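In what follows, a structure is listed as structure tokens, so that the remarks can point back to it.
What you see is a predicted model; the values in this text were computed from it and never measured.
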Amino acid sequence: MPKLKTHSGAAKRFSKTGTGKFKRGQSKMRHILTSKMQKTKRKLREGVMVSVADTPKVARMLPYA
């Protein structure tokens with residue numbers, strides 16, 4: 001069986017937690033931040049879990065995560 005390649009784009013965006021779930025960053029934090037409320041920006045800073053429906057796709061892209 002040949003080695004599996006890690007999807008390098010996915011490796012930069014997702015990380016695996018200790019319980020085996022995948023963590024991701026949130027969008028809308030790149031630009032036009034002056035018009036966003038401080039509370040909104042503070043909440044977007046935190047990472048969130050990848051949805052259950054998308055977890056198999058992410059796991060396939062990160063075989064050794």
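Atom CZ of residue F22 and atom CE of residue M61 lie 9.0 Å apart, to the nearest 0.5 angstrom. For the atom pair CZ (F14) and NZ (K57), the distance works out to 10.5 Å, reported to the nearest 0.5 Å. Rounded to the nearest 0.5 angstrom, M49 CE and D54 CG are separated by 14.5 Å.
L4 and L62 are not part of a single hydrophobic cluster, where members link through side-chain heavy atoms under 4.5 Å apart.
For the residue pair V50 and V58, the shortest heavy atom distance occurs at CG1-CG2, 4.1 Å. Heavy atoms only, all atoms of each residue included: R60 and P63 are closest at O-CD, 3.9 Å.
Remark: S8 engages no residue in a side chain to side chain donor-acceptor pair (under 3.5 Å) (not counting sequence neighbours).
Screening residues 22-50 for side chain to side chain donor-acceptor pair (under 3.5 Å), with sequence neighbours left out, gives no hits.
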